[in-house]
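First listed ligand is number 1; within each ligand, the first listed atom is number 1. Note that the coordinates shown come from a computational prediction; the quantities given were computed from them, not determined experimentally. Below, each value reflects all heavy atoms present in this structure, side chains not excepted, and no hydrogens, waters or symmetry copies.
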Amino acid sequence: MTKKLFIKTWGCQMNVYDSARMADVLAPLGYQPVDEPDGADMVILNTCHIREKAAEKVFSELGRLRQMKDRKAEAEDGRMILAVAGCVAQAEGEEIVARAPFVDMVFGPQTYHTLPEMVAKASRAAGSVLNTDFPAESKFDLLPEEAGAQGVAAFLAVQEGCDKFCTFCVVPYTRGAEFSRPAGQVLAEAKRLVAGGTREITLLGQNVNAWHGDGPDGTTWGLGRLIRELAEIDGLARIRYTTSHPRDMADDLIRAHAEVPQLMPYLHLPVQAGSDRILAAMNRKHSADDYRRLVDRLRTAKPDLAMSGDFIVGFPGESDADFAQTLKLVTDIGYAQAYSFKYSSRPGTPASAEGAQLPEEVKEARLEALRQLLDAQQIAFNHGFVGRSVPVLFDRVGRRDGQLLGRSPWMQSVHAEADARLLGRIVEVRVDAARANSLAGTVVTTETTTSRIMAGGHIAPSPFQPAATLEASA
Ligand code: SAM
Ligand code: SF4
């Protein structure tokens, strides 16, 4: 009998990937995904613990779901199994059970391959099933293969956990120690994805560029080598990876940006802050100039590389002068897109115990100033594309009839009027208008192939490159 499964996902792409895998694990038990929680037989909240607000939202959502669960029971329409998964479950499992005893299952990110057993237990017994173990076996060895096609653009987790222990971050505690999936397992999953119609794969990890593994040839591979092997898969047109740490940017990975045409010219490389004093207090183990030099090397290898990053403002003890260094670094690098956050004190992390927590107004003002600068850079970057044509991989239908949505190589969201048959194809689109978060264009030819990209046919008109380079490559 088919049962309705609703999963709500917060946070990073890793959570999006995990949610898809949870659906795969539950499919043999008859659970099929639905778009609404009301009336569902199982609701899973896949949560994020990175900032305080993210965790708070879970408790308010649980209040709403409790009413739906009660309504279903009153209507004698069976039982709604309510589950909290992900990093809030890992970090606050016992508190959830105590504060919300109507929740049936609470489980961390490393345990969802055991969902069938947890469901069986929850169905038999009253009270919550709590599972926040870090099991000795890797879930990746035990998860079933993906249940069906994963879409034109798919995620593939290659690495999980983190050993860096930045002083502000919960990830090493919620996701555990750094772990790399074996190369053979990753290549096999990639081949299955491509066979199912996927044309773009984003390799995922909390520190994805720390990935290393024994290749089938007996040598140790880094992420650069893995990307080269993935690029050999026929039909895989685009490869991306996220999120990277500046200290793990190996030479071979930088070279891969120059040499592997399928590796897209976009890199999310968080730096967090521009002041060396704050970077040291964050335990980032690199200076602002180390980061500048690294970006220089990357842009030498790949001149049209679009940079993205993460920033935290208002870290304990951050002075106006420290913050000015962050603005200076942003100005020097020039980002195509970036995420910025107010520092959020996370219980159990070293920075939360620091005395010099900053007032909320200071954090607000700095966030606003940083966002203005980043927004201006993003708009300038996008405007540089107007009048040019870019290869777009259409991966979704748009909200308006007859519209398709896709991504440029530089990760911009592009929409155009296009025949639905172009879904899954890389198509040349002339950019007519640019907004902060998207480009609007017109399909000019459907003939684009990866060889056009391989031939270096597209160099981003980045405002951060010397004009001469742009003219030469136009
Ligand atoms: N591993 C990545 C790295 O080293 O940059 C980032 C992983 S983390 C899931 C994503 C982003 O959340 C971080 O880059 C950081 O900017 C932000 N973040 C993490 N902890 C935070 C905190 N306590 N307060 C505010 N932002 C935080
Ligand atoms: Fe968190 Fe990234 Fe630092 Fe690891 S490297 S502790 S995931 S911010």
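With respect to the salt-bridge test (charged N to carboxylate O, under 4.0 angstrom), the residues K164 and D248 qualify. Under a 4.0 Å N-O distance rule, the pair R181/E160 does not qualify as a salt bridge. A salt bridge does not link R99 to E92: none of the charged nitrogens lies less than 4.0 Å from a carboxylate oxygen. A salt bridge does not link D18 with R21: every distance from a Lys NZ or Arg NE/NH1/NH2 to an Asp or Glu carboxylate oxygen is 4.0 Å or more.
Figure legend: cation-pi geometry between R346 and F168 absent, as NZ or CZ is not positioned both under 6.0 Å from the six-membered ring centre and within 45° of its axis.
Counted within 6.0 Å of CG on D141, heavy atoms from surrounding residues, nucleotides or ligands total more than 12; the atom is thus considered enclosed.
With hydrogens and angles disregarded, no donor-acceptor distance shorter than 3.5 Å links the side chain of W211 to the backbone of L226.
Using cut-offs of 30° and 60° on the angle between ring planes, the pair Y291 and Y335 is parallel. Classification of the F140-Y17 ring pair by plane angle, with boundaries at 30° and 60°, yields tilted.
Atom CG of D24 sits about 10.0 Å away from atom CD of E145, to the nearest 0.5 Å.
Near-neighbour remark for atom 1 (Fe) of ligand 2: protein N, O or S atoms under 2.8 Å are C169 SG; waters not counted.
The closest approach between R284 and ligand 2 falls below 4.0 Å for a heavy atom of the residue.
Every atom of ligand 2 with a heavy atom of H245 under 4.0 Å away is listed here by number and element: 5 (S).
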Ligand 1 N/O to protein N/O, distances under 3.5 Å:
| residue | atom | partner | partner atom | Å |
| --- | --- | --- | --- | --- |
| ligand 1 | 1 (N) | Q206 | O | 2.7 |
| ligand 1 | 4 (O) | R284 | NH1 | 3.2 |
| ligand 1 | 5 (O) | Q272 | NE2 | 3.1 |
| ligand 1 | 12 (O) | R51 | NH1 | 3.4 |
| ligand 1 | 14 (O) | Q272 | NE2 | 2.7 |
| ligand 1 | 14 (O) | D310 | OD2 | 2.6 |
| ligand 1 | 16 (O) | Q272 | OE1 | 2.7 |
| ligand 1 | 23 (N) | F168 | O | 2.9 |
| ligand 1 | 23 (N) | S344 | O | 2.8 |
| ligand 1 | 24 (N) | S344 | N | 3.0 |
| ligand 1 | 26 (N) | R51 | NH1 | 3.4 |

